[in-house]
Amino acid sequence: MSRSPSPVMVEAPRSWGAPPSAPNDQLTASTPKDATLGSYAAQSHELLDILKDLHSTGIQNELDLPKIVVIGSQSVGKSSLIESMSGVRVSCSALLLALLSTFSDRFAEKFGCPMECRLQQAPTWSCQVVLRFQYDAAGLPLAEMKEVSFGPIIFDKDDVTERLERAQRAILSPNVNPDLVLDGTHTGGGELTFSANCVCVRVAGPNVPDLYFYDLPGVIANVSDTGKEGDIELVDKLATSYISRPNCLVLLVITCDTDFENQKAGRLVLKSNDRTLKDRTVGVLTKVDRIQPGDEDRWLQILRGEELVLRNGWYCVKQRGPKELEIGQTWDDAKRQEKQFFSTRAPWCDLGGSFAARVGSEALATKLGRILSELVSQELPTIQTQVTRQLAEAKAQLAKLAPVNVGQPQTEVIRLLQDFNRTLCKHVEGLPPAVPTFGKGSTSPKDVISAGLVNTLNKSYDHFRKRIRDTAPQFRPWSSKLESEDGKSDLLSEMIRDDDLLTGSSSPVFHLDEVMDFALQSRTRELPGNFPFSVKEALISHSTSQWREIASQCFQEVADHLLDHMRHLIETQFGRYTGGGLKADVHHMQDLAESAMQKLEELCQAETTPYTQNEHYFFDYREKLFLRYKAMHRRIKSQTGVVQSLQGHDSGRRPQQYPDQTQWQNINEALAALATVGIPGVVAIDLIRLLPDDNMGPAFEIMAEVRAYFQVAYKRFIDNIPKHIDNTFVRGITQNLDVTLLSRMVNNLTEERCREYLEEPSDVVSRRKELEARVKRLQAAKDRLLEFNQSQHRSSLLATINV
C-alpha cells in the first residue's frame with residue numbers, strides 16, 4: 001500500500017473550502033452517472049454545507065445543531081452499510097466511510113472515537129482528514145476547540161485506510177504529538193481506549209451523495225481481557241450524549257444474524273425514557289441475507305412497523321460478505337447484486353406498496369438526506385437567534401472582565417475606589433428592587449443586590465416597630481379572680497380590634513385588682529388617696545426595659561444586611577483582584593458600627609426615665625383609655641346596656657333610630673340638664689366616668705396613664721432608632737468614603753503595590769480566555785450564517801429576474 005507524504009500538520013480552517021481538484025496524474029476514473037442519491041438540489045447541498053461549517057466553528061457545545069448519528073453494536077455491519085450508501089468505488093478496501101467502520105471493527109477493542117463524515121458531490125474524488133480536539137487528556141472541555149489538518153488532501157483511495165487508522169491513534173494518544181503518529185514515528189497503541197474528540201473526514205466525488213453524519217464507536221456489552229471495564233460505561237455515555245439532543249437524528253443499525261435482544265445499541269435507543277427518541281430514529285436492518293430459514297417473519301414484522309415501531313420506519317440493506325470483500329468486488333457490482341437480491345429473493349421480492357421502497361441502500365440514503373435537510377432548514381432561524389443572543393451575552397460577560405490598565409496602576413486603583421464609592425452611594429440612597437422576570441420565578445430572597453438595600457432595611461425597621469409594639473402593657477379592667485369566662489372573650493376581641501398594639505403581644509397581663517394591690521403595697525408617707533409615682537414608673541419600665549435589646553438586635557440586623565450588600569458590591573468591583581490584596585484592604589473600612597452603637601445606647605438610656613413634652617397627645621390618649629377601661633369593667637358587671645347606650649349615643653339622630661328610645665331620651669335630658677346648670681360640652685360617653693368604680697378608681701387612673709405614656713414613648717422610639725441607624729451608620733458609611741479609603745491605603749498606593757493590587761487570579765484569566773474563545777466561535781458562526789443568508793437572498797433575486 002502506498003504511503004502519502006507526511007508534512008507537519010497545520011491548523012485547519014474553520015470552514016473547509018470547496019473540494020479541491022486532483023493533480024493531473026491522480027485523476028480518478030469516472031464512476032457511473034446514476035449516483036446513489038443523485039442530487040438533493042442546490043438548496044439541500046447548501047444546507048448541509050452550512051451545517052458542516054457550523055460544526056467546524058465548535059458551537060455544537062453551545063447549541064444543539066442538527067446531525068445524524070450512526071449507532072450500533074459492534075460487528076453489526078456499520079462499515080458495509082456506510083459503504084453501500086457512499087457511492088465510492090471499492091479499491092483495495094479503500095472506500096470512504098466503509099474504511100471508518102471497517103477500521104473501528106478491526107480495532108474495536110483498542111480504538112474508538114466519533115467520526116464526523118461529510119459527503120458531497122464534486123468532479124473529482126478527494127478525501128481530507130482533520131483532527132478536532134474539544135477535550136483534554138483528562139476528558140475536560142478545552143477553552144477553545146482546535147482543528148488540525150492531519151496530513152495533505154488524499155487523491156488516492158488506497159491511502160485512506162492507513163490515514164484513518166493513524167488519525168484515530170492520534171486522537172487516542174493525547175500526550176503524543178500527532179505529527180509523530182502521522183509520519184509513522186509513533187506506532188504504539190493509543191493511551192485511551194475511547195475518546196470524545198473527533199476525526200473529521202470529508203469525501204467529495206462524482207458519485208458521492210450529499211450527507212453529513214457522525215459515526216460513533218460500536219456499543220459494547222463486554223470487554224476482552226486486555227480491555228477496560230470502564231469502557232462500557234464510557235461508550236454508553238458518549239452515545240447517550242449525542243442521541244439525547246433533540247436535534248439529533250439517529251440511524252440505528254441492527255444486524256439480522258443476531259437476536260435483537262442481544263444488541264445493546266437497540267436497547268439503548270428503543271428502551272430509552274426519552275419519548276422523542278423513537279420519533280428521531282431511522283432503523284436499518286443489515287445482513288438480511290444471513291437470516292436463518294424460518295426467521296424471516298420476525299424481521300419482516302419490524303420492517304412493516306408491527307414491532308419496534310419508529311416514526312421514520314425501518315429499512316433493510318444487503319452488504320458485501322467476506323467472500324466478496326476477498327475477491328475485491330466493486331461497488332458497482334455490489335450495488336447491482338443488492339438490487340438483484342431484493343428483486344428476486346423471497347420474501348423481499350414479495351413486499352408490496354410502500355414497504356417495497358424501504359429496501360436497499362439507495363432508499364435509505366435518500367431518506368436520511370431528506371430528513372436532515374428538512375431539519376436544518378427548519379432549525380436555521382432558531383440557530384441564528386440563539387447565536388445572536390449568546391454572542392451578545394458572551395460579549396457582555398467579557399466586557400466585565402476587560403483587562404485592567406496596568407500601564408498606570410495608581411490611577412487605575414484610585415479609579416476603582418471612586419467607582420466603588422459612587423456605586424455604594426447609589427445603593428445607600430435607594431435603588432428600587434430589580435424588576436422580576438415574570439413567568440420565570442421571582443427574585444431569589446438570597447439575592448441581596450436584586451432585592452434593593454433600602455428596601456431590605458425597611459423590612460428590618462418594620463420588624464423592629466412590631467417588636468416594640470408588642471412590649472405594650474396589657475391591662476385587663478376586671479378582677480383576676482373572676483372565674484366566669486362569660487363575656488371576657490368578646491371583650492378581649494373588642495380590645496384587640498380597638499387597639500392594634502395588643503395584637504399578638506407576649507407581654508404579661510395586669511388585671512385591675514393586681515394593679516390596685518400593687519399601688520396599695522407601694523404606699524409609704526403619702527396622704528390618703530395618693531400613690532407614689534414609682535408605681536407608674538415600675539409599670540412603664542417593665543415595657544421600656546426591653547427596648548435596649550430590641551434596638552440592638554435591629555441594629556445588628558441592619559448591619560448584617562448592609563455589610564452583606566457591601567460584600568456583594570465589593571466582590572463585583574474588586575473580586576478580580578484577590579491575588580494582590582486589594583479586595584481584602586477595602587474590607588477594612590467597615591468600622592462605623594462602634595460609634596453608631598454608642599449613640600444607640602444613649603437613646604435607649606434616655607427611655608429609662610419617663611418623660612414627654614407631648615402633653616396634648618398624652619392627655620387625649622389617657623382620657624380615651626380611662627373611659628375604655630371603665631366601660632369594659634361595667635360591662636363585666638352586667639351594665640352592658642348602659643355602657644353601649646352611652647358609647648353609641650348621638651344627640652343629633654332621631655329617637656326612632658334607636659332600639660331603646662326611652663334610654664336615648666333619658667341621656668338627652670341628662671346632657672341638657674348639665675348644660676342648664678352651667679356644665680356645657682359634656683357628651684354621652686363622658687358620663688361613663690360617673691359609673692361606679694367599685695373602689696378601683698386609682699387603678700383605672702394608673703392603667704390609663706401608663707398605657708398612654710407607652711403610646712407616646714413608642715411613637716417616639718420607633719422613629720428615633722431607625723433614623724439614627726440610617727443617618728449615623730447606613731448613610732455614614734458613604735460620607736467621605738473615597739477620602740477614608742485613600743487615607744487608610746495611602747501607604748499602599750505606591751506604583752509597585754498598586755501593580756500587585758491589580759494582579760488578577762488565575763481563574764479570572766482562565767474565564768476571560770474561555771469567553772474570548774466562545775466569542776470567537778459564536779462570531780464565526782454568525783458570520784457564516786450571514787454569508788449564507790446573503791447567498792440565499794442573491795439566489796432569490798436571480799430567480800426572480802430569470803422569471
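Keep in mind it's a predicted model, so treat the numbers as computed, not measured.
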Hey, is CD on Q598 packed in by over 12 heavy atoms from elsewhere, all under 6.0 Å?
-> no
Would R548 and E601 pass as an ion pair if we require N to O under 4.0 Å?
-> yes
So T524 and E526, side-chain hydrogen bond (donor to acceptor under 3.5 Å, both in side chains) or not? Walk me through it.
-> CA-CA 6 Å; T524 55; E526 290 79 11; 3.1 Å; yes
Is the backbone of I725 close enough, under 3.5 Å, to the side chain of T728 for a donor and an acceptor to pair up by distance?
-> no
For the pair R567 and D560, find out whether any cationic side-chain nitrogen is under 4.0 Å from an anionic carboxylate oxygen.
-> no
Do the two ring centres, one from H633 and one from F700, sit under 6.0 Å apart?
-> yes
Partners of R731 by side-chain contact (heavy atoms from CB on, under 4.5 Å), sequence neighbours excluded?
-> V428, E429, D726, N727
When you check the gap from the basic side-chain N to the acidic O, do E412 and R415 get nearer than 4.0 Å?
-> yes
Check against side-chain contact (heavy atoms from CB on, under 4.5 Å), L391 and R774 | CA-CA 8 Å; L391 179 60; R774 188 175 185 217; over 6 Å; no
Give a yes-or-no answer on whether the side chains of Q521 and R523 include a donor-acceptor pair shorter than 3.5 Å.
-> no
side-chain contact (heavy atoms from CB on, under 4.5 Å) between W478 and L512, intermediate numbers included = CA-CA 5 Å; W478 54 78; L512 183 65; 5.7 Å; no
4.5 Å side-chain heavy-atom contact, F531 and S522 | no
Quick one: does F619's side chain get under 4.5 Å of R622's, heavy atoms only?
-> yes
For H542, what residues pass the ring-ring contact (aromatic ring centres under 6.0 Å, His included) criterion, not counting sequence neighbours?
-> F510
Side chain to side chain donor-acceptor pair (under 3.5 Å) partners for Q553, two or more places apart = R467, E549
Y611-Q613 side chain donor-acceptor pair, cut-off 3.5 Å | yes
